[in-house]
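Below is one structure, written out as C-alpha cells; the observations come after it.
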There are 2 protein chains.
Amino acid sequence: MDERQTDKEDDTASRQRPTLKTLAFMTGLGVTTVSRALKDAPEIGAETRRRVQLVARQIGYRPNRAGVRLRTGKTNVISLVLNTEQEIMSFVSDIIYGVSEVIADTPYHLIVTPYSRAQDPLEPIRYLAETGSADGVIISRTQPNDPRARYMLERGIPFATHGRTEMGLVHPYHDFDNYAFATEAVRRLAGMGRKRLALLTPPVGLTYHGHTVNGFADALSEVGASEVPFNTVSIDHSIEQIRMRTAQLMRRDVRPDGFVSSAAAATLAIVAGIEDAGLKLGRDVDVVSKQSSELLHLFRRELLVVNENFRLAGSELARAVLGWIGGKEPGSLQSLSKPSEVLSYRG
Amino acid sequence: MDERQTDKEDDTASRQRPTLKTLAFMTGLGVTTVSRALKDAPEIGAETRRRVQLVARQIGYRPNRAGVRLRTGKTNVISLVLNTEQEIMSFVSDIIYGVSEVIADTPYHLIVTPYSRAQDPLEPIRYLAETGSADGVIISRTQPNDPRARYMLERGIPFATHGRTEMGLVHPYHDFDNYAFATEAVRRLAGMGRKRLALLTPPVGLTYHGHTVNGFADALSEVGASEVPFNTVSIDHSIEQIRMRTAQLMRRDVRPDGFVSSAAAATLAIVAGIEDAGLKLGRDVDVVSKQSSELLHLFRRELLVVNENFRLAGSELARAVLGWIGGKEPGSLQSLSKPSEVLSYRG
DNA sequence: TTGGCAATCTGTAACGTTTCAGTATATCTA
DNA sequence: TAGATATACTGAAACGTTACAGATTGCCAA
C-alpha cells in the first residue's frame, strides 16, 4: 500500500495540476510547511523557504482558487456593477480596461455584475453581499444619498464609487470634476461672446448632476451670462428626444447661443437639433462638450471639447478598492480628476 | 456537548449564510439527502423533496460556489477574453451586455480576462485552461487558423468564437456576414453610379478580413466596377493614420468615388480625409459604413450605413457556449447574422 | 544533568459540496 | 416464513487550502 500511495502521488504529480500535496511530496515536507513557506511565514527556515518556492515556480504551482475561497472566504474577485440599459455606454469598455490594467498583476479577477433599469439597483449589491462573491465592488451612477454605498458600508464590504456621495460618510471614490468642467465651459463660451447658455445635464438624481448644475450656475453669474432652461431632457434620454427638444428650443424667440453638453453622443443630437432649426454651429451657437473618445472634432470642427478619461477612472477605482481591501484608510482613497482645457479644433 | 452542538447549529442557522448543514438540521435529514433533494434526484421521496425545496426557498439557500467548485470542478464561470488595446472598442460594452442578458438567469458569472496586444493571444487561454477558472470561454478577433480555438478544442474546453475559423474543425461561433455586407455595399454604390471603389478593411489576419475582401471583390466584378487599392491602413489603425491616408488617396488622379468602411470610427476618419482633400461627401464620393450604434447619420446625413448588432452577438455567443457546456453538438451552435439593408438618411 | 526555550516543522480539522458505499425499513416472492 | 428486492435515507471521504495545536530538535542557562 506504500506502493499505492506512491503511485497515487506520482499520478498526481504527472498530469494533474500541482497542489500543495504535490509540492509536499516533491520536497519531502508537510503540506502545512509548504503552505507557509509559499507565503514567507517567519517560522519556516530560510533555506526551506527558498527550496519550496523554487520547486513551486518550476512546476508552475498556482493555488486553487476554490480551495482558498472555501477555507478563507477570500474570493480574489472584484465586481464591477453595471446598468445594462444605459443609452450612453461607450465608456464602459474604457472603465473595464482601466480596471483590468490595475488588477492584471494581482490575483484578482474582474467579474461584471449587470442589472437592468427595471430592477432595484440595490439588488445586485445584495446578491454580492449575501453570496459573498466578491472581495470588493465598484459601482457607478452614484447618487448623493446612495443606498448601495450605505448598504456596503454597513456590512463592511470594500467598494469604490464612480462619483461622489453626499451622506457624510467616508468611502473611496473617483470622480471627474464636473463642477470645474461646467465652469470652464461657461467661461469659454462667455469669452467667445456667448450670453444665453443652455445646459444638457447628466441624469437627474446622480451626484454629478448637481455638480454640473452648480458649476454652470456659478460661472453664469461670474461672467454675467444668463441661462436658457433646457431641463426637459438629460444625457440619459434618447438621441431622438434630445435632437427634437433642441430643435424646439432653437426655434424659440429667446434661444441659447451656447450649449454645454455632458456627453458626446448627446452632443451629436444637440448639433443635429441646431441644424434642424436651420442654424449654424460656430456662427449662431457654440457648443462645449465632454467626450471620452477623441472623435467629436471629426464630427464638427466647430465643437469645443473637454476630455474625460474613463480608462483612468477605471484604474483609479480599481486601485481604490484594492487599497481598501489591503487595509488602507478609505479616506485616503479618494481622487478627483481635473478636466482638460477646453479644446478647439477650428482653423 | 449535545448542547454545544445544538448551539453551534443554532448559531449557524441564525446569522450566517445557510448551508446544506443548516438545511439538514432544519429538516431533520442528512446533508446527503438534502443535497440530492435539491437536485431532484429520483431516490428521494416526493414529499421529502418538496419539503426540502420549500425550506431552502424560504431561508434563501444558495449553494456555496467555492464548495461546488472544489468538489466538482465546475466553476459556473464564463470568461470573455478581450484585447485591451484595440483602437475601436465601443462594441465591447454591447457584447458584454448581450452576454449578461443570457446568463442573467443562470448560475453563471461573467469574468473578463484581458490581454494586451504585446502578449501572445494564447497566454490568457492557457491561463484559463491551466487554472481551470472557467467552464466556457468566448474569444474574439478570430483568425482563419486560430491557435486559441485549436488549443481549446484539444483540451476539450467549451468555447465560442466571435467570427469563424477555417481549420476544418467544428466549433460554436457567431459571425456577422461581412461577405454580404461588402457585396451589398458595393451594389448600392454601383447603383448610385459609383465606379471606382475603395475598401477600408478589417485588420489583416482576422477571418472577417477575408470575408470582407472577397465580398468586395466578387461584387465589384458582378457590377463591373473597379477597385482603388487602399490597403495601407485597416480599421485597426489610428484615426489620424486613416484620415491622412484617405486624404492622400483622394488627392490622386485616379481617386475612388466610393468607399466601403468596416467600422464607424474609421468612417469618421475617412470622411475627414475626404474633406481634407477638398472633396464633398455625397457629391464627389459616397461612403457605405458598418456601425454598431446608430449615430453615423447624425455625423453626415449623406453616409450610407449598415447596422451590426453586437449585443445580439454577445447573446448568441453566450447561448453557444452554454449550449456546448450543456452537451449540445458544437456544430449546431453556429450562427450567422445577416446585415441589414443599406440605410440612407438623406432627404 | 535538567529544564526551558527558540527554531522548525507537522498532523488534524474545517470550510461546503458531491459521490460512494452503504443501512434500515417496508414490500414483495416463493 | 425466509429471503430477495425496491425504496428512502445516511455517514464518511474527498476536493485544496489554512489555522490551530502540537511535536521534535538543538542549544543554553542554572
Side-chain angles (χ1 to χ4, degrees), chain A residues 4-5 8-9 11-13 16-53 56 59-76 107 130-133 135, chain B residues 1 4-5 8-9 11-13 16-52 56 59-76 107 130-133 135:
Chain A
R4 261 191 47 65
Q5 176 72 359
K8 192 183 171 199
E9 296 291 358
D11 209 47
T12 302
Q16 293 296 337
R17 209 178 137 190
T19 69
L20 288 182
K21 210 160 122 199
T22 319
L23 283 177
F25 178 69
M26 294 180 74
T27 55
L29 298 162
V31 271
T32 304
T33 311
V34 173
S35 172
R36 317 209 70 169
L38 287 177
K39 31 180 66 67
D40 283 319
E43 60 268 50
I44 303 298
E47 198 209 306
T48 307
R49 211 152 50 195
R50 255 174 309 151
R51 195 157 63 87
V52 170
Q53 292 180 356
I59 67 172
Y61 167 78
R62 291 176 188 266
N64 179 306
R65 312 188 117 234
V68 176
R69 180 166 171 177
L70 183 56
R71 179 64 237 247
T72 65
K74 180 127 211 284
T75 62
N76 282 310
E130 284 169 8
T131 62
S133 10
D135 295 337
Chain B
M1 27 178 199
R4 262 193 44 70
Q5 175 71 0
K8 190 179 169 200
E9 296 292 357
D11 209 48
T12 302
Q16 293 296 339
R17 210 179 137 192
T19 69
L20 288 182
K21 209 159 123 198
T22 320
L23 284 176
F25 177 71
M26 293 180 75
T27 55
L29 297 163
V31 263
T32 305
T33 310
V34 173
S35 173
R36 320 207 67 168
L38 287 177
K39 32 180 64 65
D40 282 320
E43 60 266 50
I44 303 298
E47 197 209 307
T48 307
R49 209 151 52 197
R50 253 174 312 157
R51 195 157 62 88
V52 170
I59 66 174
Y61 166 77
R62 291 178 189 265
N64 178 306
R65 309 189 119 235
V68 176
R69 179 165 170 177
L70 183 57
R71 178 64 237 244
T72 65
K74 181 130 211 283
T75 62
N76 283 310
E130 284 168 8
T131 62
S133 6
D135 296 337

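Chain letters run A, B, ... following the sequence lines, proteins first and then strands; every chain starts at 1. Below, all heavy atoms of this structure are taken into account, side chains as well, without hydrogens, waters or symmetry copies.
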* Across the strands shown, which category fits B:Gly67 at heavy-atom distances under 4.0 angstrom: base, sugar-phosphate, nothing? -> base

Donor-acceptor under 3.5 Å ([X] side chain, [Y] main chain):
| X | Y | value |
| --- | --- | --- |
| B:Arg36 | B:Ile44 | no |
| A:Arg62 | A:Arg17 | no |
| B:Asp135 | B:Lys74 | no |

Once you round it to whole Å, what is the distance between [atom2] of [N] and [atom1] of [X]?
| X | N | atom1 | atom2 | answer |
| --- | --- | --- | --- | --- |
| B:Arg71 | D:dA12 | CZ | C1' | 11 Å |
| B:Leu70 | D:dA14 | CG | P | 13 Å |
| A:Leu20 | C:dA13 | CG | P | 19 Å |
| B:Leu23 | D:dT10 | CG | C1' | 16 Å |
| A:Arg62 | D:dT17 | CZ | P | 13 Å |
| A:Leu29 | C:dT8 | CG | C1' | 10 Å |
| A:Arg65 | D:dG16 | CZ | P | 16 Å |
| A:Ile44 | C:dT10 | CD1 | P | 8 Å |

* Structure fact -> Separation between NZ (A:Lys39) and CD (A:Gln53), nearest 0.5 Å, reads 11.0 Å

* Which one, D:dC9, C:dC9, D:dC15, comes nearest to the side chain of A:Thr33? -> C:dC9

* Asked: Considering heavy-atom distances to DNA chain C, does A:Glu43 or A:Thr32 have its closest nucleotide positioned more toward the 5' end?
  -> A:Glu43

Measuring to OP1 and OP2 of [N], would you say a side-chain N or O of [X] lies under 4.0 angstrom away?
| X | N | value |
| --- | --- | --- |
| A:Lys21 | D:dG16 | no |
| B:Thr48 | D:dA8 | no |
| B:Thr72 | C:dT17 | no |

* Kindly give the heavy-atom pair with the smallest separation between B:Asn76 and B:Arg65, and that separation in Å. => O-NH2, 3.3 Å

